[in-house]
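Written out below as structure tokens is the structure these notes cover.
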Amino acid sequence: MAAVLRLAKLAVFSTACTHLGSALSLDIQDSKDADAKNRPVTKVITLLKDMQKQLQKEADEDEAIYDKMACWCQTNDREKTEAIKTAEVRIDGLTTKIEELTAGSARLNTEIKNLEKEIAENQDSLDKATAIREKQLAEFNAEEKDLLQSISALKAAITVLSKHHGGSTGFLQMPKTHMLGVAAMLQNELSKHASLLQGVLTPNERRAAAAFLQAPGDYFDAAPTFKQSYAPQSGEIFGILRQMLETFESNLSASQKEELANQQAYGELKAAKEDEIKAGQAQIDSKTGELADTDEKNAQAKVDVDDTKASLSADEQFLSMLKEKCSMADKEWEERQKTRQLEMEAVSQALAVLSGDDAHDLFTRTFNPSFLQSSSSSDASKDFRASASQVLAAVAAKYSNPKLGALAYQVKLDAFTRVKKAIDDMVAQLLKEKDDEIKHKDFCTDEFHQNQLQTEKKDREEQDLTAKIEDLTMAIEQLAHAIEALKGEIAEMQVQLKRAGEDRELQNKEFQTTVADQRETQKLLKAALSFLKDFYAKKEALLQQKQEPVGPPPPSGFETYKNNAASGGVMQLIEQIVADAKSMEAEAIKAEEDSQKAYEDFVKDTNASIEAKSKDIVEKSQARAKAEGALVQTKEELEATLLELEQLSNYNAQLHQSCDFVLKNFDLRQTARDEEVEALRQAKAILSGAKFEEFLQKA
């Protein structure tokens, strides 16, 4: 805008510089049409009238320029004032928004930390409950195993005793090793389950059991008392064993029910905690996304407030410059109007003086040709004017300058004083035009240079900003893909965690079933083996106790009863199967322990991985929000840079319109103007008495 104003001032000045030439041209035209005897005063009056017209024309041109300037001032003043008010309101709104978003971001960060703490507490509770459950399961398995073994042993002992209970000679026929085995089993169970049997056996039963344990082989050899004839001692031991069996079976059933209840309670607690953890993680994901969106909006609001403040500062500076420039324009307009009005009044007054009737009569008498002298000095004056006119006409023809041509013609007609003054004015005007043109050339050169530097700088900024936008866009896309991948991995790990828990429950149920089956198998096989061993051991004892009868031998009878040939292999096979069942039970227990440990390690590692990936998501979301804020700011900077490049291009075009002709023809115009000045000075010198031949010799 400043360049345009300078160009307008140069145009006005150039127009003013043509006043003298125009007045001289009009004077020459009037001189051609007027009578040769017209007096000099008439020419003066004509020039004054022409000056009036020229002054009025200049006044109209100044008024048009001032109207444009006033319109520009009013329009920009109004627009910039409104823009400043809008910017101030926008800054207030953005400041409030930034405060709200900052508070929201702090709130979300606190809520996310609380949720993470709550998830950690729930996970810790679940881990503790899992540890307690594992301990309960291990204790139950050990207790169940012990009780099953005890129950199996008691049942075997009861089975053995039940075969001989009630007969008068039953226990006498029982092998002593069986009695010792029953006694050892009874002593082991009484010692191992002393707390469980506390209050179950009466003092009499405990004394009977103690007597049996002290001498199991002799316990049933004592003669029965009167009462014992109805309640043999074997029945008392048999009852103790049955009572112990019932107690163990009842305790086993209660333990199994308690285990089922504990298992169900743990399952419900686990499901509840996992639901709470899942809900907390979902809230964290939601609030993390909300936090990233809030941070992004906060960053954008900060960028907007900075841009708005920068725009406000620029508008305020421009408005200040505008008011100053417009104020100076108003003052200049008033001064030009006042000066021109005084000039027009002076010209009008001069015309009034010279155009009066008295002045006309006076000039007629004064410049009457009959009173004019026709001396040799007049002829010499004409020769001087002719020589000066010749010099001016030659230069005017060489450079096609109408003002010099008009002045050359006027030299022939006018008096020396007016011509010399016109020459001086024209020389001064030409020198001023020369200085103005030099300043204009320097201005154009400097402006072109500055425009080029600024354009190159903005081009580099455009390239840098474009590259930065591409990098930020790529980074945002990569972060978005990484976040989605992490969320997918977390979801997959949660599914795997749930499936692992379900598989662990199924494996535990299978383990319980397998152990129960193995133990039941051992129980049945041991019972069958006990029957076989009892039979073959009894038969062997009877054969050993058999005595030869006294007297003649009986007739031949049955052959000696022999054991079945396959009995030994069957019992060995049963014992092998029992050993295999025990081995399978031990393997199942070991596999269950390994599976439980593997499940615990898997849960621990998976939860740690989920936590690490969740933190990674938060960090990447924050990085993406920052990158998006930087992208928005960079795009705005690129738009501003492109706008500045467009303004620089437009100003460059204006400079070319204003400066191309001057720069291209500067040397030629300067040379021509110097020669015009020299010609004018020579003409003035000739009019002042110099000889024309001297100038021709110099030329």
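Residue numbers start at 1 and run along the sequence shown.
For Ser320 (side chain) and Glu316 (main-chain N/O), no donor-acceptor pair under 3.5 Å exists by modelled atom type. Side-chain atoms of Asn665 come within 3.5 Å of backbone atoms of Phe661 as a donor-acceptor pair (strictly under, hydrogens ignored). Side chain of Asn298 to main chain of Thr294: no donor-acceptor pair is present (N/O by atom type, distance under 3.5 Å, no hydrogens or angles). A donor-acceptor pair is defined here as one N or O able to donate and one able to accept, closer than 3.5 Å; no such pair exists between the side chain of Ser658 and the backbone of Gln654. Formation of a donor-acceptor pair under 3.5 Å by the Asn650 side chain with backbone atoms of Glu646 is found in this model. Here the side chain of Asn451 pairs a donor or acceptor atom with the backbone of Leu648 at under 3.5 angstrom. For the pair Ser311 (side chain) and Asp307 (backbone), a donor-acceptor distance under 3.5 Å is absent. Between the side chain of Thr102 and the backbone N or O of Ile98, at least one donor-acceptor pair lies under 3.5 Å.
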For this session: Could you please spell out the steps behind the side chain to side chain contact (heavy atoms under 4.5 Å, CB included) verdict for Ser621 and Ile483?
Result: CA-CA 7 Å; Ser621 298; Ile483 290 171; 3.6 Å; yes
For this session: Would you check, one step at a time, whether the test side chain to side chain contact (heavy atoms under 4.5 Å, CB included) holds for Lys664 with Asp660?
Result: CA-CA 6 Å; Lys664 183 178 180 181; Asp660 283 353; 5.9 Å; no
For this session: Start with the C-alpha distance between Lys325 and Met321, add both sets of side-chain angles, then the distance that settles side chain to side chain contact (heavy atoms under 4.5 Å, CB included), and finish with yes or no.
Result: CA-CA 6 Å; Lys325 184 175 290 295; Met321 179 274 294; 3.8 Å; yes
For this session: Start with the C-alpha gap between Glu456 and Gln452, add the side-chain angles, then the distance that decides, and say whether side chain to side chain contact (heavy atoms under 4.5 Å, CB included) holds.
Result: CA-CA 6 Å; Glu456 292 175 353; Gln452 181 181 1; 3.3 Å; yes
For this session: Would you please test Glu334 and Lys338 for salt bridge (Lys or Arg N to Asp or Glu O under 4.0 Å) and show each step?
Result: CA-CA 6 Å; Glu334 292 177 359; Lys338 183 178 180 180; over 6 Å; no
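Here CE of Met426 is found 12.0 Å from CG of Leu431. Values are rounded to the nearest 0.5 Å. One distance of note links CG of Asp67 with CE of Met69; it measures 11.5 Å at 0.5 Å rounding. Here Glu678 contributes atom CD and Arg673 contributes atom CZ; the two are 15.5 Å apart, rounded to the nearest 0.5 Å. Rounding to the nearest 0.5 Å places CG of Leu312 at 5.0 Å from CD1 of Ile91. In this structure, Phe448 CZ and Asn652 CG are separated by 5.5 Å, a value rounded to the nearest 0.5 Å. Summarising the geometry, atom CG belonging to Asn76 is positioned 11.5 Å from atom NZ belonging to Lys323; distances are rounded to the nearest 0.5 Å.
Proximity of Gln670 to Ile438: side-chain heavy atoms (C-beta onward) are separated by under 4.5 Å at one or more points. The shortest distance between side-chain heavy atoms of Val632 and Lys635 does not fall below 4.5 Å. The closest side-chain heavy-atom distance from Gln300 to Asp304 is below 4.5 Å. The closest side-chain heavy-atom distance from Lys80 to Leu322 is not below 4.5 Å. Here the side chains of Lys620 and Arg624 are not in contact, with every heavy-atom distance at 4.5 Å or above. Contact of the Phe666 side chain with the Thr445 side chain is not registered, since no non-hydrogen atoms from C-beta on lie closer than 4.5 Å. Taking 4.5 Å as the limit, every side-chain heavy atom of Val305 sits out of range of all side-chain heavy atoms of Arg90.
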For residues 459-481, tabulate all N or O donor-acceptor pairs below 3.5 Å that involve a side-chain atom, not counting sequence neighbours.
unit_1	atom_1	unit_2	atom_2	d
Glu461	OE1	Lys458	NZ	3.3
Thr466	OG1	Glu462	O	2.7
Thr473	OG1	Ile469	O	2.7

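A salt bridge does not link Lys439 to Asp435: none of the charged side-chain nitrogens sits closer than 4.0 Å to a carboxylate oxygen. Ion pair Lys441/Glu437 not flagged as a salt bridge, since none of the NZ, NE, NH1 or NH2 atoms sits closer than 4.0 Å to an Asp/Glu carboxylate oxygen. Ionic pairing of Lys626 and Asp295 is not present here: no N-O contact between side-chain nitrogen and carboxylate oxygen is shorter than 4.0 angstrom.
Qualifying side-chain contact (heavy atoms from CB on, under 4.5 Å) partners for Asp674, counting only residues two or more places apart in sequence or in other chains: Lys434. Applying the side chain to side chain donor-acceptor pair (under 3.5 Å) rule to Asp306 yields no partners; only residues at least two apart in sequence or on another chain are considered.
Contact record, Thr308 with Ala87: CG2-O, 3.6 Å, taken as the closest heavy-atom pair. Contact record, Val303 with Gly629: CG2-O, 4.5 Å, taken as the closest heavy-atom pair.
Glu447 and Tyr651 form a side-chain donor-acceptor contact under 3.5 Å, judged by distance and modelled atom types alone. Judged by distance alone, the side chains of Thr671 and Asp667 never bring a donor and an acceptor atom under 3.5 Å apart.
Between Trp333 and Tyr66, the angle of the ring planes stays under 30°, which puts this pair in the parallel group of the 30/60° scheme.
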